[in-house]
Amino acid sequence: MCLAVPAKILEIKGDKGIVDFGGIRREVSLSLIDNIKVGDYVLIHVGFAIQKLERKEAEEILKLWREVSEAINT
Amino acid sequence: MEKTIELSHGAGGTLMELLIRQIIVPKFKKRAVGGLGLDDLDDGATIPLDNYEIVVTADGHTVDPLFFPGGDIGTLAVSGTINDLAVMGAKPIAITTALIVEEGFSINDLEKILNSMAKVAEEVNVAVIAGDTKVMPRNHIDKLVIATSGIGLAKRGQVISDAGLKPGDKIIVTGTLGDHGIALLAVREGLDFETELKSDVAPIWETIEAALNVGGITAMKDPTRGGLASALNDLAEKSKVSIWIDEESIPVKEEVRAAAEMLGIDPLEVTNEGKAVIGVNAEYAEEVLEAIRKTKYGKDAQIIGEVKKEKPGYVFLKTIVGGVRVLEKPYGEPIPRVC
Amino acid sequence: MNMEFPKNFALYRDRKLAEKVAEKIKKIADREHFKFMHVCGTHEDTISRFGLRSILPENVKVIAGPGCPVCVTPPEVISAAIELSKLDNVILTTYGDMAHVPSPRGSLVQARAKGGDVHIVYSIMDAVKLANKRKDKQIVHFAIGFETTAPSTAATLLNNPPENFSVLTYHLLIPPAIDFLLSLGEVKLDGFILPGHVSTIIGSNAYKYISEKWHIPQVVTGFEPLDVLVGIYMLLKQIREGRTEVENEYVRAVRPEGNVKAKEMMKRVFDVVDARWRGIGTIPCSGFKLKKEFENFDASKKFEITFEEFKQDLHPGCKCGEILRGLAQPEDCPLFAKVCTPLHPIGPCMVSREGTCAIIYKYSRSKNK
């Protein structure tokens with residue numbers, strides 16, 4: 001539906017913040033989300049952080065990843 | 001609805017090609033005494049003379065903003081002209097420049113731009129032998145436009161067109177793609193993101209000369225407007241071959257990839273101002289690559305794909321996850337999208 | 001898994017993993033054919049950009065549903081935006097997606113060529129900045145998009161923007177559209193790949209009623225190639241196990257309840273109304289309309305512009321309606337690649353660069369235009 005990309009929060013100033021997309025930085029609005037801190041990863045869409053990214057993978061991917069990595073180091 | 005010119009007509013994609021093929025080219029006598037002419041739509045045209053060929057190019061230069069990270073409209077005008085001659089296999093000899101300036105434009109800025117032009121010309125030992133200056137009333141033109149023509153020399157039969165690819169050839173790009181287009185978007189109003197990214201604008205004759213000296217070059221193209229996607233499609237269509245590109249081997253800077261993902265733009269459709277796409281006979285490929293990498297503007301060169309006989313006119317991309325897709329020529333200028 | 005966040009982003013584009021998932025899909029897809037629909041231009045971009053159709057087995061098809069504002073925004077809204085851009089004290093800002101979309105009045109890009117003041121922006125915040133900078137002008141932001149984009153419009157209006165700023169809104173909602181598609185009667189679809197970023201806002205729970213009502217599997221899916229492949233695998237697994245649920249593949253970004261703060265903001269600024277979708281017709285409760293108290297920011301009220309209805313937005317003979325329901329292929333449409341091409345698009349599935357017809361045209365016929 002909509003293009004949103006992960007970015008890391010470098011600075012927070014009120015309801016605005018500076019984020020890094022991987023070598024490029026931009027000011028974004030943080031008004032749509034709560035309790036986030038510098039260093040968190042967020043999803044940015046049209047200059048707004050729409051959700052905090054969790055360090056979680058779907059079960060399916062975890063199982064597959066283990067199978068693939070076992071196949072590599074055996 | 002009365003048809004008018006759109007921005008996309010100047011963006012190096014399908015719409016521009018239709019305007020040129022259907023409306024402009026049919027009007028004129030297309031070549032002087034044989035050689036490559038207007039309808040070849042190559043980066044330059046040729047006038048065969050005894051055992052030499054004079055190579056001629058014509059370019060208009062507009063850029064917003066006039067001064068950008070990595071250069072200005074002056075660097076762009078002279079480099080672009082030199083590169084168009086270089087990818088024809090011709091040693092750049094001379095350039096003419098016409099300046100069309102808006103009333104009220106700062107002379108100080110004009111001098112800075114002229115200095116940039118001189119610096120690039122000196123780097124390749126090219127003379128600026130003629131020119132013209134016109135001034136238009138305020139608001140009748142946006143600050144400054146530069147029109148150039150370039151004259152180069154090649155031995156008879158050593159001109160390289162963009163239609164000479166042969167099945168089995170390898171495809172080389174002389175460096176990272178998308179730098180210029182993304183660097184410009186960064187400073188353009190409404191998109192302002194910060195980056196250390198600079199335009200790649202540069203005169204790459206030295207790099208091309210190194211490749212020519214090794215030999216085995218079959219075709220070359222300057223991937224400016226419309227980017228690599230346009231250049232590869234031109235090469236495939238004109239040489240009546242298919243080109244197979246391996247996405248993983250295409251050199252793209254991290255910041256360019258990040259900006260392209262954020263804006264929903266394909267880096268392969270973005271303008272480059274200091275790169276060339278080179279088709280080379282397979283036996284010479286490695287040697288040509290080494291020679292290019294020794295030059296100032298060829299450090300990140302890579303072999304990115306090969307030429308095949310079947311499916312003439314198509315460009316295929318083998319994607320990083322192992323899929324295959326058609327690489328289309330862009331329609332117009334890449335515009336950021338949100339969906 | 002020892003992949004340190006975010007280094008694990010590379011995981012989602014890993015070739016070996018993709019081959020592994022493709023093998024699993026081949027094994028589990030044991031029927032003659034499966035047809036899954038996604039309703040998102042960005043899913044179509046991931047599928048075509050990474051060439052996923054060439055990795056999927058022949059019997060597993062993925063088609064594009066009514067999924068991007070480009071193809072479903074009705075022509076009268078685009079003409080209204082063009083009309084606004086021509087008023088001499090107005091600058092119209094728009095997202096790039098809408099720039100080339102045709103309407104009986106032409107496109108915004110063509111309007112710009114004829115003197116309309118149209119600026120492409122990346123964010124509504126850039127439009128507000130322009131309004132603060134250009135007090136001499138009225139800045140109108142063309143606010144289109146789905147539940148992912150509507151919160152940014154709501155947040156901007158709640159943050160009392162300058163008085164020379166207004167919005168022409170056409171925000172649409174996805175779940176009612178899926179429900180409506182299924183209610184149109186016969187549909188040959190085996191499951192839905194649900195849009196990940198809409199779901200970060202509305203949450204995976206928002207689709208539950210659809211699975212219960214129509215007994216069709218749905219998986220909320222992310223936008224990396226591995227997300228899409230694993231999402232398809234999860235749909236096939238549901239079919240194999242006879243389940244019809246809403247599952248969430250995109251757990252790193254989507255929660256069952258979504259983004260509660262964003263949902264509240266939307267409630268304060270918009271009412272839900274019936275809305276017209278180009279190529280489909282009116283879908284009940286599928287659009288947002290600005291509430292009365294935000295009237296002075298509503299460009300359709302601030303400037304008397306007419307939303308003159310273009311009778312039928314579907315050209316006679318256009319089969320986009322059936323294509324969107326998986327009942328027809330582009331080749332079945334009499335207009336496809338003859339009257340209707342990417343350069344002269346007629347139906348919504350050709351208008352958007354990611355519509356089903358545009359994609360099939362690009363791959364099968366692009367060389368003999």
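Sequence lines set the chain letters: A, B, ... in the order given, protein chains first and strands last, and positions in each chain run from 1. Quantities reported herein were computed from a predicted structural model and do not represent experimental measurements.
At least one donor-acceptor pair closer than 3.5 Å links the side chain of C/N259 to the backbone N or O of A/I50.
Atom-to-atom distance recorded for C/N159:CG and A/S29:OG is 7.5 Å, nearest 0.5 angstrom. Distance check, rounded to the nearest 0.5 Å: CD of A/Q51 to OH of C/Y250 gives 10.0 Å.
Side-chain N/O atoms of C/S152 and A/H45 include no donor and acceptor closer than 3.5 Å.
When C/H38, C/R255, C/K24, C/M265 are compared by the number of non-hydrogen pairs under 4.5 Å with chain A, C/R255 comes out ahead. Per-residue heavy-atom pair counts under 4.5 Å with chain C were compared for A/E59, A/E27, A/K52, and the maximum is reached by A/K52.
Contact of the C/I124 side chain with the A/V46 side chain is not registered, since no non-hydrogen atoms from C-beta on lie closer than 4.5 Å. Taking 4.5 Å as the limit, every side-chain heavy atom of A/L3 sits out of range of all side-chain heavy atoms of C/Y95. Residues A/L32 and C/K261 form no side-chain contact, since every pair of their non-hydrogen atoms from C-beta on lies 4.5 Å or further apart. At least one side-chain heavy atom of A/R26 sits under 4.5 Å from a side-chain heavy atom of C/Y122. Considering only heavy atoms from C-beta on, A/L43 comes within 4.5 Å of C/H197 through its side chain. Between A/F48 and C/S123, some side-chain heavy-atom pair lies under the 4.5 Å cut-off.
Looking at C/L17, both its backbone and its side chain come within 4.5 Å of chain A, counting heavy atoms on both sides. Using a 4.5 Å cut-off between heavy atoms, A/V28 touches chain C through its backbone atoms (N, CA, C, O) alone.
Heavy-atom contacts from other residues, nucleotides or ligands closer than 6.0 Å to NZ of A/K8 number 12 or fewer. In the displayed structure, C/R268 atom CZ is contacted under 6.0 Å by at most 12 heavy atoms of other residues, nucleotides or ligands.
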